[in-house]
Number of protein chains: 2
Amino acid sequence: MNTPTLAPAGLPIAAVERDTGLAKDTLRVWERRYGFPLPVRDSHGERVYSPEQVDKLRLIRRLIDQGLRPAKLIGLDPQALGQMLDELGGPRADDDPERTAHFQAILKFVRLHLHEDLRRTLQQSLMKTGLQQFVTGVVAPLNHVVGDAWLRGELEVAEEHLYTEQVQNILRTAISTQTSTTRERPIVMLTTFPDEQHALGLLMVEAMIAPEGACCVSLGIQTPLEDIRAAATAGRFDIIAVSFSGAYPARLAIEGLRSLRTALPETIALWAGGAGLRGAERKLPGVKVFKTLEEVPAALHAWRRDAEATLQP
Amino acid sequence: MNTPTLAPAGLPIAAVERDTGLAKDTLRVWERRYGFPLPVRDSHGERVYSPEQVDKLRLIRRLIDQGLRPAKLIGLDPQALGQMLDELGGPRADDDPERTAHFQAILKFVRLHLHEDLRRTLQQSLMKTGLQQFVTGVVAPLNHVVGDAWLRGELEVAEEHLYTEQVQNILRTAISTQTSTTRERPIVMLTTFPDEQHALGLLMVEAMIAPEGACCVSLGIQTPLEDIRAAATAGRFDIIAVSFSGAYPARLAIEGLRSLRTALPETIALWAGGAGLRGAERKLPGVKVFKTLEEVPAALHAWRRDAEATLQP
DNA sequence: CATAGTATTTGTCCTAGACAATTACGGTTC
DNA sequence: GAACCGTAATTGTCTAGGACAAATACTATG
């Protein structure tokens, strides 16, 4: 663990590991093989990475998460990397200039630390459109906008935190007002696999389900597979929903979902979604894979129809 | 990153690092120096740790967090380690058998995955005693009970998650109903230093402050020092509150708080608390160090008195 | 009892090699 | 053109043991 510091002239390898998510071993082997990053050394011969190197590593990391390979990226300059990200991000659906302006305004609140304005604006959006619309139409695209801005270095870590916290607060509050009134079936468990840290995706799913009158229980992030299985049967759950962020390796997600599917009773449905599952639908028989959050309410309705049909044959 | 698995006969070194918080390098050097843990090797010569070894490592880790040193612990058997923890945990203030029974009942709900009962019971406690009393009298001691149970292997990870999530939900909801009505000074920023993952402590502080009518803004966990400083001045904060869990090294906490104190304007107060700051009060001039959450409301009142005195000299 | 100096403990970094798992590629078949 | 297969290149993570500074414990001295 490294001393928290105010003026980081350069970062030691442990800090870079934290900031980029690239293991120390990986950083060293890249240096050996590709010649980047080539940090300077301090008086003890230990690596000291410049902020620029860390920025570039962050870009590379993000592109690798998108499926590209290190060798093709590591020689490029940061500008080219940023451009690749733009193109890969897909055709920005910015056809609505009003919405875009709205998002930029919110992003400005985040940048200027105007927490009250941020909170108020989000709250107003929520009230205007309702929880589900708020999630699909505001939170989801905003996440993209904020994520991109952070990647480009336009946001500080604290600012990204501020955003995430405020959104989580609003979603949690909204969800809890929903849940207290209704306790219908299905009973849904929400969680992520180990090594998956992103709670926001989970919360968004919960926000899509709660208004439908279903009973949601979130185990939070990073639940071991065996614990999910045990809790699933012990808690009489109808549906287990697992979310994967873009940073989660698709291979592990598929593998884990498969073994979980086998281990779970057939009566319990397994739902999965998130950017980490791009194009994995057909590799996962028996698992309901969601491409977008919009599909969630329909899937819930379908579950209820099936349940009725089974009960009254 | 390791494949999530259902039947872990043994864990690879990366998984042990995740589960115990001990770095791979540390695990290898302990093996070299002390002969423990001595994992078996798979067909590729790679370490495979038994669940028992991991359990013992967890115990050792916790005791090290309490200030003990590896050499004295590593030879002991798990039973002796557990006993040390009991003694170190201090004289259990279990003088009230009714309260103890209440906590055990809640712990049972957690163990049996009775999320609804858990939620209802906590909610009732909250309603009966009020938010501040709920935090100091229920949540804080419950955290100890749950933490101990988890350490002893009586709880699964998922169960500990379930507890944390439910408590966070209840606190967040309670806080948000408080905040929406009042926006008085002081404006308080809440966060933790990098490498500090525990959000619950932060939330408990917020719950102590919000009913006093102050304006709380949580940046969430792991904010870099420089970002705290920048956000502090940009957001016109009166107080910066930082929380440290028991696992956070006291040295780093002190060091970080000192440099933050120097970097902040004198008009901004710096508050700190949590198990990570045991006996560090006098090493931190200019920083208000909290031993317990009970002190928080009084400190707020004191701040307001001072503020009035300054404004009307 | 405090304080300064010395010895021990301890975590993290270093180098450099190895290898399995993954991905890319070229050829073949339907 | 799409799906499959075997081979080649790529890539992350593990291995070993050495080194050293920071943190802690111990000891002598005021």
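Residue numbers start from 1 in every chain, and the chains themselves are labelled A, B, ... in the order their sequence lines are given, proteins ahead of strands.
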Would you say A:His161 and A:Glu159 are linked by a side-chain donor-acceptor pair, where the criterion is simply a distance under 3.5 Å? no
Among C:dT9, C:dA20, C:dT12, the one nearest any side-chain atom of B:His44 is C:dA20
Of B:Arg69 and A:Lys24, the one whose closest nucleotide on DNA chain C sits nearer the 5' end is B:Arg69
- Message: Within the 4.0 Å heavy-atom criterion, would you say A:Arg47 contacts the bases, only the backbone, or no part of the nucleic acid?
- Response: sugar-phosphate
- Item | Note, B:Phe36 side chain near B:Lys56 side chain (heavy atom, < 4.5 Å) | yes
Rounded to whole Å, OH of A:Tyr49 lies from C1' of C:dC14 at a distance of 12 Å
Q) Between the side chains of B:Tyr163 and B:Asn143, is a donor N or O closer than 3.5 angstrom to an acceptor N or O? A) yes
Separation of D:dT11 atom C1' from A:Asp25 atom CG, nearest Å, is 12 Å
A:Thr26 has its side chain closest, among D:dG12, D:dC14, C:dC14, to D:dG12
query = Does the ring of A:Trp150 carry A:Arg62 above it, NZ/CZ under 6.0 angstrom from centre and within 45° of its axis?
reply = no
Looking only at heavy atoms, the pair that brings A:Leu270 and A:Leu257 closest together is CD2-O, 3.6 Å
A:Leu73 CG to D:dT10 P, in whole Å, measures 14 Å
Regarding the side chain of A:Pro70, the nearest nucleotide among D:dG12, C:dC14, D:dT15 is D:dG12
Note: for B:Arg33 and A:Arg33 on DNA chain C, the residue whose nearest nucleotide lies more 5' is B:Arg33
Per-helix bend value, the helix from C:dC1-D:dG30 to C:dC30-D:dG1, C1' rotation axes over five pairs per end, 10° rounding, shows 40°
Legend entry - B:Glu295 vs B:Thr292 side-chain heavy atoms within contact, under 4.5 Å: yes
Between CZ of A:Arg18 and P of C:dT12 the distance, given in whole Å, is 13 Å
Whole-Å distance, A:Glu31 CD to D:dT11 P, equals 17 Å
Closest of C:dG17, C:dT12, C:dC13 to the A:Arg32 side chain is C:dG17
So does B:Arg28 get a side-chain nitrogen or oxygen closer than 4.0 Å to the phosphate oxygens (OP1/OP2) of C:dC13? no
Side-chain atoms of A:Trp30 come closest, of D:dT15, D:dG12, C:dT12, to D:dG12
Using a strict 4.0 Å threshold on nitrogen-to-oxygen distance, state whether A:Glu52 and A:Arg58 make a salt bridge. no
Whole-Å distance, B:Leu27 CG to C:dG11 C1', equals 12 Å
Rounded to whole Å, the CD1-P distance (A:Ile64 to D:dT13) equals 11 Å
Side-chain heavy atoms of B:Leu68 within contact of B:Ile60, under 4.5 Å
no
A:Glu17 atom CD is separated from C:dT12 atom P, nearest whole Å, by 11 Å
The residue, B:Gly67 or A:Tyr34, whose nearest nucleotide of DNA chain D is more 5′ is A:Tyr34
